[in-house]
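See below for the structure under consideration.
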Amino acid sequence: MYTDTLLHIDGTWRPGTSGRTIPVEDPGTGEQIGTVAHADTADLDEALAAAERGFLVWKNTSAHERYLLMKRAAGLFRERADRVAHRLTLEQGKPLAEALGEVNLGADLIDWFAEEARRTYGRVIPSRAAGVESFVLREPVGPVAAFTPWNFPINQVVRKLSGAVATGCSIIVKAPEETPASPADLIAAFVDAGLPPGVAQLVFGVPADVSSYLIPHPTIKKITFTGSTPVGKQLAALAGLHMKRATMELGGHAPAVVFADADVPRAAKLLAAFKFRNAGQVCTSPTRMLVERPALSTFVDGFVAYAHKLQVGHGLDPATRMGPLANARRLAAMEFLVADACDRGATLLCGGKRIGTAGHFFAPTVLVNVPPGARILHEEPFGPIVPIAAFDTLEEVVAESNRLPYGLAAYAYTSSLRTAQTWGAAVESGMVSINHHGLALPELPFGGIKDSGHGNEGGTEGLDGYLNTKLITRAAL
Ligand code: NAD
């Protein structure tokens, strides 16, 4: 079922010119399951030349034809969903049902962007003088370089790929070396649907080598990156140095505020389910539980009960509700964050340690009484660890919600419309979800502010990053 992954350059699937490969492991066993081809500079040069040619073809292809191709790609990807989900689980670890959800949402995203492709309207501006027409066109920005992480191997690529393809851009995707097969399946759906050679290339390699080569290259006109804030800042700085447009989807540390007037047991259950989804390796994960003091014990009891009964195991086991962490780095990071909090006096209510020695399993972990200096209160955990704290006033919880430089997602549960409005207006976040967990659907804008980045990868805003604005003003002679 799991096969080695090749590069895709200029319409051809092939190994790297050097023949080098990178091993791929199953995080549920720690064993190698395959390899991925490694692109060297010669391969990147070919990818760049192909993207240049592909752009010339694709920007002159009508929006209607782009739409038709993308609908075919979405259909093929849906038809292949079971096989792709299986490979995604093997390389990334998430439970099969979550992987299947990611594949199907990926197909929905292609559909959404396909339909938006037909609606990249410009506008006409009323003129000051008779005989003058001024109008605004929206044109594809050019060849794009995209860098995506391993937590959602398909969903992080599909937003970028679909945005580029919908608008008439070409793209070079540097997908994650740890989870290469499922992004390759996504590209294959586009290729098999008839995407012309050169429009989409797929490469793998040493991330810093690839980005430092592609970003300054004159062929590349736009950068899009999803990953951590420190890396995003480096890539945004490089893009700025070379005057390249950039979309940055970076880290978060989302406050989840539960007011005492909420349905507290329901909030505990929903927040726990979303906190432990993909073993907490989600940039919009609710990671700082802030509970109004009278509701604290009910909330903690409900949350911990959920964590206790969560079945942790290999993603292909149908009983599994939470899989392993995607790599050994996350395991080490979890051990460090728990030890740091406990050394400073935090109380561990459940979990706190690795499960077994094969694979990268870590127990769902809940901490209370976490002192202000603990690293978990400042750093994105990106794993199944959560601190829960009490608050007493709305002013206090607004300040705590906005305390960190992140601004990606924020959640609240309350039965008061006034509280929902006041907190919703005050919270500094690109996305705010109140009384349900409603982010990341294709039709909704997806993006952060502050250190969480800039630009959007969904909704009608999703195409903006791939389009230049061109003014034409002309007078009749
Ligand atoms: P990392 O910061 O080294 O890498 C994050 C991602 O960026 C990876 O996909 C990596 O391949 C890529 N990357 C790293 N350096 C790069 C470079 N110079 N050029 C291009 N791409 C580069 O960390 P990691 O150990 O892989 O992940 C841990 C942290 O990354 C997490 O704590 C989390 O904050 C963040 N992360 C965020 C997301 C997200 O969805 N926003 C996804 C994955 C990881």
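Position 1 is the first residue of the sequence, and the numbers go up from there. If you're wondering where the values come from, they're calculated on a predicted model, not measured in any experiment. When a ligand or atom number is given, it counts from 1 through the structure's own listing order.
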Less than 6.0 Å separating the ring centroids of Trp150 and Phe382?
-> yes

Donor-acceptor side-chain pairing of Asp451 and Thr229 below 3.5 angstrom = no

Scan side-chain atoms only and decide if Gln92 and Thr179 contain a donor-acceptor pair under the 3.5 Å cut-off.
-> no

Pairs involving residues 3-27, ordered by first then second residue, that meet ring pair (Phe, Tyr, Trp, His ring centres under 6.0 Å) (sequence neighbours left out) | His8-Trp13

For residues 429-463, the ring pair (Phe, Tyr, Trp, His ring centres under 6.0 Å) pairs (sequence neighbours left out) are Phe274-His437, Tyr411-His437

List in chain and number order the residues that pass salt bridge (charged side-chain N to carboxylate O under 4.0 Å, His left out) with Glu98, two or more places apart in sequence or in another chain; answer none if no residue qualifies.
-> none

For a distance cut-off of 3.5 Å, show me each N or O of ligand 1 paired with any protein N or O, plus the separation.
from, atom 1, to, atom 2, distance (Å)
ligand 1, 2 (O), Ser228, OG, 2.6
ligand 1, 19 (N), Pro207, O, 3.4
ligand 1, 19 (N), Ser211, OG, 2.7
ligand 1, 25 (O), Arg329, NE, 2.7
ligand 1, 25 (O), Arg329, NH2, 3.3
ligand 1, 26 (O), Trp150, NE1, 2.9
ligand 1, 26 (O), Arg329, NH2, 2.9
ligand 1, 34 (O), Glu380, OE1, 2.3
ligand 1, 40 (O), Asn151, ND2, 3.3
ligand 1, 40 (O), Gln156, NE2, 3.2
ligand 1, 41 (N), Gly227, O, 3.4
ligand 1, 41 (N), Leu250, O, 3.4

